[in-house]
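Note: hydrogens, waters and symmetry copies are ignored here, and every other heavy atom, side chains too, is used. Heads up: numbering here begins at 1 and tracks the sequence.
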Amino acid sequence: MKAVDTTNSIGIRSLIKIFSKNTEMQMPEKTGYKVLALIAVLGIMIPCTLVVGYISFVMTEALIEAENPGGGLLFEMQILSAFSMIFGILIIFSVMFFSSDREHFVTLPIPTHHLMMAKFFYAYMAESLMEFVVLLAAFIGYFIAVGKNLGMAACLNPVSIIASLAGIFLIPLVPMIYSAIFSILLMAALSRVKSTKVFYRLSTLFLLIFAGLFLLSLRGIGEINMENYVESLGSGNNLMLKTLNIVFFPVPWLSDAISDGSIVWLLLSLLGNVALLAILYFLGKALYQKGLYTAASLGSAKKADIKKGDITDASQFKASLMKELRVILRTKAFSGNCAYINALWPVGAFLLFHFTKGKGTIADFVYMYQAGKERAEMIMLVVIVSIAFIATALNSLASTAFTREGQHLSLIKFIPVPFETQLYAKAFVSFMFTYPMLVITDIIICVYLKAPIYMCVFYAIVMLLAHIISMVIGILMDSTSPYVEWDDEYSALRGNLNTFFNMAIMIVLSIVMIGLGVLMYELLKLPIGTFYIVILVILTGVMIRMVIAGKKKIIRNMENLCNS
């Protein structure tokens with residue numbers, strides 16, 4: 001390894017480069033992957049930025065009328081800050097204390113606080129790349145609205161532009177600093193507790209606090225809709241925004257710098273970030289090494305804690321399935337991001353219909369569906385199929401089927417279980433965590449739509465077909481080029497390009513379904529029954545083809561992985 005200068009900040013920069021090169025999946029040199037990368041950009045990143053930019057534009061226009069043009073932008077920045085902390089705290093914790101390179105670096109003549117800062121900035125950059133793009137889109141939407149309604153002079157204020165450019169990088173920084181500070185303090189405390197469960201539950205605690213604040217912020221706004229909520233932001237009476245402004249205090253200063261063009265607020269925001277970084281630096285200098293010792297002792301204790309019931313005789317399939325379940329459920333990164341995330345679909349469906357019941361676009365759609373409008377039925381079928389495609393890709397259970405093996409991937413060759421049986425176990429894990437949640441989502445939607453039972457059953461069938469297609473594609477991609485050189489489980493998820501590409505493919509397939517619906521119903525004027533039959537036949541044919549040909553290809557890939 002190249003010598004690292006540890007006498008100044010050059011050492012930290014060198015370490016960041018090492019982490020970046022060693023902990024991200026490299027793009028395979030295959031034309032197919034380059035095409036998938038283009039699809040991912042066109043199908044995920046660009047639509048996401050356009051949606052965020054449009055939301056920012058609409059909110060800013062609405063709040064300009066309330067004489068608070070920066071209110072919408074402030075709300076977006078604070079929401080992003082809150083979610084960065086909720087989902088970033090476990091990532092920072094894992095990267096700083098439980099990455100596999102810990103034992104290698106602590107033996108080198110590197111100040112531990114330099115190592116800590118390098119890990120922090122690496123995690124910050126790796127986790128915030130998509131957020132940078134989202135923030136850029138939000139700022140563009142804001143400036144377009146300001147220029148349209150307040151004139152180009154307000155839009156082109158140089159201080160506002162500089163502050164927004166700085167905000168792209170500063171908004172994700174504060175929550176990540178808080179996460180790192182929590183990590184260091186709690187690892188120092190865990191030296192006596194000898195358990196990381198307290199820390200892992202913090203993410204859930206923060207999520208519950210955030211959800212509670214959101215629900216409390218709905219009180220006093222009258223009828224729950226977007227117009228009233230935006231009005232509460234403009235008036236400054238939104239409880240959640242007030243709380244977040246205190247917690248992430250540099251953010252409102254930056255918002256004022258952008259909306260007022262004030263260099264004073266910009267400097268205050270920069271000083272706030274510098275002060276928090278200084279606190280992190282000196283706290284790490286005092287406590288990080290102690291935390292590394294605690295992490296080492298906790299890791300040893302965890303390895304020694306093998307319960308007698310963990311080793312039992314079982315059938316080959318059952319043993320393989322139990323191995324997959326243990327890896328997923330006993331690993332916080334996999335359990336939260338792969339297993340439990342599926343509950344968001346039924347919960348989201350319930351909240352969507354419950355809180356919009358009797359008003360707005362959703363109410364109009366429910367009325368159209370119940371009135372037997374074929375256009376509503378066509379839209380509903382497309383939505384159902386798209387949910388199944390995207391939900392399967394989003395949980396990444398299929399697209400990390402082999403990545404989860406990590407550097408022990410070769411064990412799939414040496415354990416006395418046929419490749420086919422191991423493949424079935426990996427597929428069944430994806431099925432058991434995903435499809436039941438899709439069925440519950442289907443039932444919730446059908447209850448609110450008052451759809452006939454036979455339609456609910458039909459939706460469940462097409463969901464199953466779409467789920468299997470998405471699952472096979474994900475496993476196939478991961479077996480072709482798994483990402484096994486990861487340092488921690490969060491890197492396995494974050495750095496795995498197969499998950500990103502699988503999502504892109506599913507978005508494209510969803511767009512194809514939408515296009516087919518528009519073609520058959522809107523242009524060819526075919527009856528809705530024909531559309532149902534065509535979708536069912538297409539999904540069934542593709543599913544059978546994927547299962548037969550995909551299984552053969554995946555098993556060949558497993559053989560190649562073991563022989564390479």
### Task
Using salt bridge (Lys or Arg N to Asp or Glu O under 4.0 Å) as the criterion, list what pairs up with Lys148, not counting sequence neighbours.
Glu61

### Message
So, using salt bridge (Lys or Arg N to Asp or Glu O under 4.0 Å) as the criterion, who are the partners of Arg375 when residues are at least two apart?
### Response
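Salt bridge (Lys or Arg N to Asp or Glu O under 4.0 Å) check on Arg375 returns Glu522.
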
### Task
Give a yes or no on whether a salt bridge exists between Glu420 and Lys552, defined as a side-chain N under 4.0 angstrom from a carboxylate O.
no

### Query
Should Lys525 and Glu374 count as an ion pair when the cut-off is N to O under 4.0 Å?
no

Is the shortest side-chain heavy-atom distance between [X] and [Y] below 4.5 Å?
| X | Y | result |
| --- | --- | --- |
| Val439 | Met463 | no |
| Ile379 | Met368 | no |
| Ile473 | Thr392 | no |
| Lys553 | Met546 | no |
| Tyr124 | Ile92 | no |
| Arg404 | Leu397 | yes |

Calculate, to the nearest 0.5 Å, the distance between atoms [atom1] and [atom2] belonging to [X] and [Y] respectively.
| X | Y | atom1 | atom2 | answer |
| --- | --- | --- | --- | --- |
| Arg545 | Ile548 | CZ | CD1 | 8.0 Å |
| Leu351 | Leu344 | CG | CG | 10.0 Å |
| Phe531 | Leu519 | CZ | CG | 10.0 Å |
| Tyr448 | Leu352 | OH | CG | 10.0 Å |

### Query
For Asn395, what residues pass the side chain to side chain donor-acceptor pair (under 3.5 Å) criterion, not counting sequence neighbours?
Asn342, Thr434

### Query
Can you name the side chain to side chain donor-acceptor pair (under 3.5 Å) partners of Ser470, sequence neighbours left out?
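Result, side chain to side chain donor-acceptor pair (under 3.5 Å) vs Ser470: none returned.
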
Shortest non-hydrogen contact from [X] toward [Y]:
| X | Y | value |
| --- | --- | --- |
| Leu539 | Ile469 | O-CD1, 3.7 Å |
| Ile475 | Ala401 | CG1-CB, 4.2 Å |
| Leu244 | Ala82 | CD2-CB, 4.2 Å |
| Phe132 | Met125 | CE1-CE, 4.0 Å |

### Task
Please name all residues satisfying ring-ring contact (aromatic ring centres under 6.0 Å, His included) with Phe248, sequence neighbours left out, ordered by chain then number.
Tyr178

### Summary
Applying ring-ring contact (aromatic ring centres under 6.0 Å, His included) to Phe458 and not counting sequence neighbours gives Tyr532

### Audit row: Ser164, Ile168, side-chain contact (heavy atoms from CB on, under 4.5 Å) steps and yes/no
CA-CA 6 Å; Ser164 63; Ile168 293 173; over 6 Å; no

### Query
Is the side chain of Ser81 donor-acceptor paired with the backbone N or O of Met77 at a distance under 3.5 Å, no angle test?
yes

### side-chain contact (heavy atoms from CB on, under 4.5 Å) evaluation trace for Phe433 with Leu325
CA-CA 10 Å; Phe433 282 118; Leu325 288 174; 3.7 Å; yes

### Task
Begin with the C-alpha distance, continue with both residues' side-chain angles, and end with the deciding distance and a verdict on side-chain contact (heavy atoms from CB on, under 4.5 Å) for Lys323 and Glu405.
CA-CA 11 Å; Lys323 184 206 76 168; Glu405 303 285 349; 2.8 Å; yes

### Query
Taking it one step at a time, do Trp345 and Leu394 satisfy side-chain contact (heavy atoms from CB on, under 4.5 Å)?
CA-CA 11 Å; Trp345 294 99; Leu394 182 65; 4.0 Å; yes

### Task
Before giving the answer on side chain to side chain donor-acceptor pair (under 3.5 Å), spell out for Ser399 and Asn498 the whole-Å C-alpha distance, their side-chain angles and the decisive distance to 0.1 Å.
CA-CA 6 Å; Ser399 53; Asn498 295 316; over 6 Å; no

### Message
Check the orientation of Phe431 and Tyr435. Use parallel for under 30°, tilted for 30 to 60°, and perpendicular for over 60°.
### Response
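Correct class here is parallel.
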
